[in-house]
Amino acid sequence: MADQEQRPTRDRLTVLDRAVQHVLGKGVDRTDGPAKVTGEARYAFEVPADDALYGCLVTATIGAGRVEAMDCKAAEAVPGVVAVITDDPRLPADMVTSMQAPDAWRLGHDIHFFGQALGVVVAESWEAAREGAARVAVRYAVGEGRFDPDLAAPDEEVPATAFVPPIHKDDFDDAWLNAEFQYDETFSTPIHFPAAMEPHATLAVWDGDALTVHSSLQSMAGSAKAIASALDIDVERVRTLSPFVGGGFGGKTSVGSEAIYAAIAARETGRPVKVIQSRRQIAYGVHHRPATRQRVRIATDRNGRIVALGHNNATVQRDGRNFVEPVHFGTIHLYGGAARSLTTSLSRANHPTSGAVRSPGEASGTMALEVAMDEAAERLGLDPIEFRRRNEPQVSPTNGKPFGTRKLLQCYDEGASAFGWNRRNPNPGQQREGDWLIGMGMAAAVRGNFTVEARATVRLETDGSATVETDMTDIGTGTYTILMQIVAEALGLPAEQVKVVIGDSDLPASAGSGGSFGAGSSTSAAALACEQIAQTIAAKMGAARENLTLQDGHAIAENRRVPLTEILGGEAVEAEGHAKAGDHTSAHVSSSYGAHFAEVAVNAVTGEVRVRRMLGVFDVGRVLNRKTARSQLLGGMVWGIGSMLHEDAIIDKRTGQFVNPDFGEYHVAAHADAPPIEVRFIEEIDDLANEAGAKGVGELGNSGAGAAVANAIYNATGVRVRDFPVTLDKLLAGLPPV
Amino acid sequence: MHFTINGQKYEADVDVRTSLLDLLREHLGLTGSKKGCDHGQCGACTVLVNGRRINSCLTLAVMHEDDEVTTIEGLGTPDKLHPLQAAFVKHDGFQCGYCTPGQICSAAGMLDEAKKGWPSHVSERLEGEVELTDAEISERMSGNLCRCSAYPNIVDAIREVAGEDA
């Protein structure tokens, strides 16, 4: 077994460095594209199952209290209803995860939040199930809910054991008080929904004691574990399948409650059961990005060099859940400043569960930090890029460790030049085209990079084709395509000779899709497997590994060029690659970086904001596929626009229910909101990051993009909004006279 | 009930509560049309009924006796892609693929509307030929949400096909 830990040095030569097939990195079309554009790709709810029943969830219509009684007679009387299940002690209130014990979601009849799942009605048709669910009569004892947590006075200091510990370095108060310049402002960010287009949906099928769960999930092995835990059964009995996933964005890192209801109902009825959560149920049943309050303090010397950096935050979680939005995550290594106070505290509330949504920490954290940097730069009389340049650290300002590849300054420079940053008027509110005020803004992007344990098997078949198998998922990220490219590159095969099999928990366990670690970790595992195969081929050739070249289905060594089929001689070669974090991982700081630029037009009469164009320049290590990487970054940038201008899930302070739980009122960016966007890469293979040399992409585009828009709005109007999103009502009063 | 779907005749017993979308997906096995919101808010279920685009989740199957329905399966197959399908692959006009059949059906309907001279919210004039600028395409496609936010790539794909048609 190849082991990454054995090769921790930067100058190691990987199987990819030796490769000459020239397919890796190319912007080849998605291999799953034809299936997706023709409707042939089948998502969880679409898998054919004979004799399947339909389940519809029953959910709570109060935000706090207890269920006193549930009357199911009327539901049971609906023609077509087969079962009403409300009393199994394993029924989850919301998502289940392998990261917590079942008491986190087994709430019984205690209501902790509006929309909590209470039961399921199972019927011969979806229509009957839905009618049955509406007829379950629930009697409640309404309790006193904490629906409006005061984030200025949070309940809990978050301990160092949290995902991102608090950071206190040097004497912050002393450095702050003695600084030449002090910036101190407070921001707020709202709740965001992950809002994947495919609802959380599951088909559960039992075969004896073995359970197969076709569901919409980001990770296979972790989900199988979570389902086993939720059902009190052995994990060996659970198989999860997600060959196609209609978006995740963090919301499918846990398993939707509907999967557990489907499994329990299928067991009880002896038939396959399909359960889909409605769009409104998803608002409550699936975790959201919680609201935050963020105080940003930046103290500098007279030259604009940061001497003290404070990012002190509060966020929200419901009782019993242990995730804490890591709001200061992106701030840890981004800018210099010897004295540092970076903390996130917690308020408990009767809200639905909060959790990791695309770019956890950085998404909301950069909305405040990157606007604060813009504002502080202006008060210092500095260009925002120059201010950042003066505070670009050489090593981590928090722990003193070296960085892996860090091309942030180059991102600023190339972005500024390509965007025409020199045409920006530093004085706000000065540029006008008719009724429209025009402005430009920029912001940095940062996303921590992780290498997570992942396994993949590669088999070089006797016919010279190859198959790679891992339980990774492709949630729109391009996994099918980049795994093909890695194996084709490493083994010197044409693209069509590589088959990719993923999305099945029976396959070698990967890290799944999440935290932007999926691509780097899974392709590293595949590359390590290919290296072993290359060594076997070299041995068969009687050649040294370093003298072997694999290209176009041939092995080339010792002045010979032999077809792989001939070398294999009817014997397939299989190897498993095992990627994991090594010693080098903790010895340095690994992140992806970027710079966003935005130009906006703000209507001087109405305050309407139109983003006219955006440009992002990114350092993501090795680019595995220029087309799919660009698409992810571009999509993330549109998320930035939506989060700064539109997205705002509002909880009714009286009842704890969402005012806007569906797409009718929770506005995600639509076609007309997305301007022309240019994406550029500054590519340097990051040997320290992982075997593939790739850093995370999926979350980076969203990090800082909203702040660039907000800074452009300020530049256009002179109005600085710190309570996000920036809606026109917050701009109107400050707009210059028409 | 009788329907013509993708040129093929279908006969089905239909619950009066069944949406056209659920008829396609749950009764006829045509799962290319997607359920994203079931409330006409996202467009993932867009199909063509007698040539016009429609949110199939917002209409009951029983209202479509003898109607001609075209779904994504009727536009092309992996071996023989419709020009829009090919352009979506080429321009990476999708990521997760879930909104994609709706985007493509909607684009097909939209191109026909534009050809007929139907104006949109951003049209300068209400009459005469429609010039499908990027702003026109984006406006006319805004009923189809894409959370992966492939919007600029979708516009690239549609612009290319619109140009070929012209």
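On a predicted model such as this, the values are computed, not experimentally measured, just so you know. We name chains A, B, ... by the order of the sequence lines, and we start the count at 1 in each one.
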Enquirer: Counting C-beta onward and ignoring hydrogens, is there a side-chain heavy-atom pair between Cys96(B) and Val245(A) closer than 4.5 Å?
Expert: no
Enquirer: Name the region of Ala195(A), side chain, backbone, both or neither, that has any atom closer than 4.5 Å to a heavy atom of chain B.
Expert: both
Enquirer: Please find the pair of heavy atoms, one from Tyr98(B) and one from Tyr43(A), that lie closest to each other, and give the distance.
Expert: N-OH, 3.6 Å
Enquirer: Taking atom CD of Glu127(B) as the centre, does the number of heavy atoms from other residues, nucleotides or ligands within less than 6.0 Å exceed 12?
Expert: no
Enquirer: Just how far is it from atom CG of Asp673(A) to atom OH of Tyr151(B), taken to the nearest 0.5 Å?
Expert: 7.5 Å
Enquirer: Please assess Glu40(A) against Glu73(B) for the test side-chain contact (heavy atoms from CB on, under 4.5 Å), listing each intermediate value before the final yes or no.
Expert: CA-CA 8 Å; Glu40(A) 288 212 347; Glu73(B) 292 93 340; over 6 Å; no
Enquirer: Measure the spacing between NE2 of His671(A) and SG of Cys146(B) and express it to the nearest 0.5 Å.
Expert: 7.0 Å
Enquirer: Of all of Pro199(A), Gly478(A), Ala41(A), Ala674(A), which one pairs up most often with chain B through heavy atoms under 4.5 Å apart?
Expert: Pro199(A)
Enquirer: Heavy-atom pairs under 4.5 Å with chain A - which of Gly32(B), Pro101(B), Gly43(B), Cys37(B) has more of them than the others?
Expert: Cys37(B)
Enquirer: Identify which part of Phe193(A) has an atom lying under 4.5 Å from any heavy atom of chain B, answering side chain, backbone, both or neither.
Expert: backbone
Enquirer: How long is the gap from OG1 on Thr100(B) to NZ on Lys36(A), to the nearest 0.5 Å?
Expert: 7.5 Å
Enquirer: With a distance cut-off below 6.0 Å to the six-membered ring centre and an angular limit of 45° from the axis, does Arg147(B) pair with Trp639(A) as a cation-pi contact?
Expert: yes
Enquirer: Less than 4.5 Å to any heavy atom of chain B: does that hold for the side chain of Pro48(A), its backbone, both, or neither?
Expert: neither
Enquirer: For atom CG of Asp13(B), decide whether the heavy atoms of other residues, nucleotides or ligands shown that lie under 6.0 angstrom number more than 12.
Expert: no
Enquirer: State, yes or no, whether a side-chain contact exists between Glu198(A) and Lys35(B) at a heavy-atom distance under 4.5 Å.
Expert: no
Enquirer: For Arg280(A), is it the side chain, the backbone, both, or neither that has a heavy atom closer than 4.5 Å to a heavy atom of chain B?
Expert: neither
Enquirer: Which residue is it: Leu81(B), Asp79(B), Ile104(B)? I am looking for the one with a side chain to side chain contact (heavy atoms under 4.5 Å, CB included) to Thr38(A).
Expert: Leu81(B)
Enquirer: In Å and rounded to the nearest 0.5 Å, what is the OG to CG distance from Ser149(B) to Leu633(A)?
Expert: 12.5 Å
Enquirer: So for Arg17(B), is it side chain, backbone, both, or neither that comes closer than 4.5 Å to the heavy atoms of chain A?
Expert: both
Enquirer: To the nearest 0.5 Å, tell me how far Trp126(A) CH2 sits from Thr18(B) OG1.
Expert: 12.0 Å
Enquirer: Look at Arg140(B), His39(B), Lys34(B) and state which one has the largest set of heavy-atom pairs under 4.5 Å with chain A.
Expert: Lys34(B)
Enquirer: Quick check: are there more than 12 heavy atoms from other residues, nucleotides or ligands sitting under 6.0 Å from CD of Glu496(A)?
Expert: yes
Enquirer: Please step through side-chain contact (heavy atoms from CB on, under 4.5 Å) for the pair Val37(A) and His82(B), ending with a clear verdict.
Expert: CA-CA 9 Å; Val37(A) 299; His82(B) 181 278; over 6 Å; no
Enquirer: Hey, which of Gly476(A), Gly39(A), Ala672(A) has the most heavy atom pairs under 4.5 Å with chain B?
Expert: Gly476(A)
Enquirer: Flag the one option from Ala669(A), Gly247(A), Pro34(A) with the top tally of heavy-atom pairs under 4.5 Å to chain B.
Expert: Ala669(A)
Enquirer: As an exercise: rank Glu127(A), Lys274(A), Arg42(A), Arg279(A) by heavy-atom pairs under 4.5 Å with chain B and give me the winner.
Expert: Glu127(A)
Enquirer: Please rank Pro676(A), Gly664(A), Ser631(A) by heavy-atom pairs under 4.5 Å with chain B and give me the top one.
Expert: Ser631(A)
Enquirer: Name the member of Glu131(A), Lys627(A), Arg130(A) that forms the most heavy-atom pairs with chain B at distances under 4.5 Å.
Expert: Lys627(A)
Enquirer: Determine, step by step, whether Asp92(B) and Thr628(A) satisfy the side chain to side chain donor-acceptor pair (under 3.5 Å) criterion, reporting the C-alpha distance in whole Å, the side-chain angles of both residues, the deciding distance to 0.1 Å, and the verdict.
Expert: CA-CA 7 Å; Asp92(B) 215 30; Thr628(A) 57; 5.8 Å; no
Enquirer: For the residue pair Thr31(B) and Glu46(A), what are the closest heavy atoms and their distance?
Expert: O-OE2, 3.5 Å
Enquirer: Just how far is it from atom CD of Glu26(B) to atom OH of Tyr54(A), taken to the nearest 0.5 Å?
Expert: 3.5 Å
Enquirer: Please state whether the side chain, the backbone, both or neither of Phe244(A) comes within less than 4.5 Å of a heavy atom of chain B.
Expert: neither
Enquirer: With respect to chain A, which residue among Ile154(B), Asn144(B), Val155(B) yields the maximal number of heavy-atom pairs within a distance under 4.5 Å?
Expert: Ile154(B)
Enquirer: Minimum heavy-atom separation for Leu145(B) and Val668(A), please, with both atom names.
Expert: CD1-CG2, 3.9 Å
Enquirer: Using a cut-off of 6.0 Å, state whether more than 12 heavy atoms not belonging to Lys116(B) lie near its atom NZ.
Expert: yes
Enquirer: Check each atom of Ile276(A) against the heavy atoms of chain B and say whether the ones under 4.5 Å are side chain, backbone, both or neither.
Expert: side chain
